[in-house]
Protein chains: 2
Amino acid sequence: MTGTDPVRPRAPRADALRNRARILEVARAVVEEQGAQASLRDIARRAEVGMGTLYRHFATREELLEALLRRRFDHLAGHAAALEADRPPAEALAEWLRAFTSGTAAYRGLATSMMATIDDESSPLHASCGAMRAAGARLLRRAQDAGAVRPDVDGLDLFALVGAVSWIADQTPTIAARRDHLFALIMDGLAHPAPTG
Amino acid sequence: MTGTDPVRPRAPRADALRNRARILEVARAVVEEQGAQASLRDIARRAEVGMGTLYRHFATREELLEALLRRRFDHLAGHAAALEADRPPAEALAEWLRAFTSGTAAYRGLATSMMATIDDESSPLHASCGAMRAAGARLLRRAQDAGAVRPDVDGLDLFALVGAVSWIADQTPTIAARRDHLFALIMDGLAHPAPTG
DNA sequence: ACCTGAACACCGTTCAAGT
DNA sequence: ACCTGAACACCGTTCAAGT
């Protein structure tokens, strides 16, 4: 027995940790500037690492984007939990959706990656995206119990509608200017009971 | 005077016409299979033309995609006009939106190009996309006059919402399965008057 | 362990050379 | 006029060679 568990891999080297952090930081900035189809070579250059280093830390482009998204999912899940504790049902839901959509604007082009995680159980994001959606679904349920949202809507419906509006609002300035209006049209609509017949 | 107007360019050669048609036909099939990011080399290969020929007819990738979309825009504009003449307001609008969304599924990834034409006046699609939206807007107006849709929605709002749902439904199978439900949620919502308060 | 950068197989786009 | 395919400057990804 040496004090180090032989099963657990030893701690990464200091330079590896530093490089990983640099790459993530640069990737976040570059994606915010150029969108999700930004050049990985460009990211490696600006992070001042070789291409091989980038690939050692993130085995594929998707893995790098996923690392960017995970933070956001975890943040939104936590935010939902806090709102559930602190705010009345309808207000909590509205505030959370606002946070969801406003954040999405900074992740240009990542909406596609986000949607892909829903069905891809092998994705390392599958779990954290699911946790975020579950947290949102709880806010939705509370709002439905309070009669603020029609009952035939579930968490995935809500996620899809809000994701769809976030995406379209990122497409072109004329529509971006209507983001809030489009959002309101949807939420107003969901507040009414389903039509009978 | 020779009988040919010197200003008007002469008719294209027969091989040029044939190649253009082949490229378009192949591009349509390939985009349907692989989406809008399909390889142009692949399209040229399958159309059995050189890369230069593809570029002679479509000076950029965007131009080729636009040629595919234009047909669709023109078709939808005509369809709207026919429905306006033949059907009661609410039914005409619903049927047109159904045609719009169901067709979009075959144009995987082209939604982004479609949205881009709204603000880009230099795009050759700007006009035909605008004409299609105008035709849809007339159906919307009729439905609003009949009291079937809340009045604070315009043609661009409707286009954005329907485009957004079409896009999201193309992203992943789980959501694709809910396409009709999501669509119904939005249209139900638009049927109610704006909330006062 | 980890890093580097050249190498590979692609891509979109251009252009000299052919008919 | 129109077509061809090689050439160019990129890209994502891999891998032998270094420390």
Side-chain angles (χ1 to χ4, degrees), chain A residues 2 4-27 30-31 33-68 109-110 112-113 116 123-124, chain B residues 2 4-27 30-31 33-68 109-110 112-113 116 123-124:
Chain A
T2 61
T4 0
D5 183 342
V7 173
R8 183 172 50 197
R10 61 164 63 243
R13 248 162 49 177
D15 56 345
L17 281 178
R18 207 173 41 236
N19 280 334
R20 200 183 143 79
R22 280 178 72 90
I23 292 166
L24 266 178
E25 182 191 2
V26 167
V30 170
V31 166
E33 285 169 29
Q34 310 178 17
Q37 76 299 346
S39 154
L40 295 188
R41 254 188 183 77
D42 209 38
I43 292 173
R45 262 192 297 261
R46 281 171 60 164
E48 292 174 311
V49 298
M51 283 302 293
T53 302
L54 192 152
Y55 270 84
R56 160 164 273 264
H57 290 288
F58 305 98
T60 163
R61 171 197 212 83
E62 204 56 24
E63 224 173 83
L64 176 57
L65 298 181
E66 283 169 350
L68 294 181
L110 262 60
T112 304
S113 309
S123 159
Chain B
T2 61
T4 1
D5 184 342
V7 173
R8 184 171 47 197
R10 60 164 63 242
R13 248 161 50 176
D15 55 347
L17 280 178
R18 206 172 43 236
N19 280 333
R20 197 183 194 312
R22 281 179 70 92
I23 292 166
L24 265 179
E25 183 190 0
V26 167
V30 170
V31 165
E33 285 169 30
Q34 311 178 17
Q37 76 298 345
S39 153
L40 295 187
R41 252 189 185 76
D42 209 39
I43 292 173
R45 260 192 298 261
R46 282 172 60 165
E48 292 174 311
V49 299
M51 284 301 293
T53 302
L54 191 153
Y55 271 85
R56 159 165 275 264
H57 289 288
F58 305 99
T60 164
R61 170 195 213 85
E62 203 56 24
E63 224 172 83
L64 175 57
L65 297 181
E66 282 168 352
L68 294 181
L110 262 61
T112 304
S113 309
S123 159

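Here is how names work: the chains are called A, B, and so on, in the same order as the sequence lines, proteins then strands, and each is numbered from 1. Source: prediction; values computed, not measured.
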**Report entry** Stepwise side chain to side chain contact (heavy atoms under 4.5 Å, CB included) test for His57(B) and Val49(B)
**Finding:** CA-CA 11 Å; His57(B) 289 288; Val49(B) 299; over 6 Å; no
Query raised in the report: Which distance, rounded to the nearest 0.5 Å, do you find between the CG of Leu24(A) and the CZ of Arg22(A)?
Result: 12.5 Å
Query - Short side-chain N/O contact to dC3(D) OP1/OP2 from His57(B), under 4.0 Å - result: yes
**Report entry** NZ/NE/NH1/NH2 to OD/OE distance under 4.0 Å, Arg18(A) and Asp15(A)
**Finding:** no
Report summary line: With the side chain defined as heavy atoms from C-beta on, Met51(A) is closest, among dT13(C), dC11(C), dG5(C), to dG5(C)
Query raised in the report: In the strands shown, is dC15(D) matched to any nucleotide by a Watson-Crick or G-U wobble pair with both distances under 3.5 Å, and which?
Result: dG5(C)
Requested in this report: Please assess Glu62(A) against Ser113(A) for the test side chain to side chain contact (heavy atoms under 4.5 Å, CB included), listing each intermediate value before the final yes or no.
Outcome: CA-CA 8 Å; Glu62(A) 204 56 24; Ser113(A) 309; 3.4 Å; yes
Report summary line: Rounded to whole Å, the CZ-P distance (Arg56(A) to dT13(D)) equals 17 Å
Query - Minimal non-hydrogen separation, Ala36(A) against Leu110(A), with atom names - result: CB-CD1, 3.2 Å
**Report entry** dC10(C) pairs with, by Watson-Crick or G-U criteria that keep both distances under 3.5 Å
**Finding:** none
Requested in this report: Starting at atom CG of Leu40(A), determine the distance to atom P of dT13(D), rounded to an integer number of angstrom.
Outcome: 6 Å
**Report entry** Smallest separation among heavy atoms of Arg20(A) and Phe58(A), with atom names
**Finding:** NH1-CE2, 3.4 Å
Report summary line: Atom CD of Gln37(A) and atom C1' of dC11(C) are separated, to the nearest Å, by 15 Å
Query raised in the report: Taking for each residue the nucleotide of DNA chain C with the nearest heavy atom, is it Arg61(B) or Thr53(B) whose nucleotide lies nearer the 5' end?
Result: Arg61(B)
Report summary line: Atom CG of Asp42(A) and atom P of dA9(D) are separated, to the nearest Å, by 18 Å
Report task. Enumerate the residues from residues 13-24 of chain A whose closest heavy atom to DNA chain C is under 4.0 Å, giving them by residue number; use none for an empty result. Result -> Arg13(A), Asp15(A), Ala16(A), Asn19(A)
Query raised in the report: Which atoms form the tightest heavy-atom contact between Ile43(A) and Ile23(A), and what is the distance?
Result: CG2-O, 4.3 Å
Query raised in the report: Taking atom C1' of dC2(D) as reference, at what distance in whole Å does atom OH of Tyr55(B) sit?
Result: 18 Å
Report task. To the nearest Å, give me how far apart CG (Leu54(B)) and C1' (dC2(D)) are. Result -> 14 Å
Report task. With heavy atoms under 4.0 Å as the rule, sort Ala38(B) into base, sugar-phosphate or nothing. Result -> sugar-phosphate
Requested in this report: Grab the CZ-C1' distance between Arg41(B) and dC11(D) for me, whole Å please.
Outcome: 12 Å
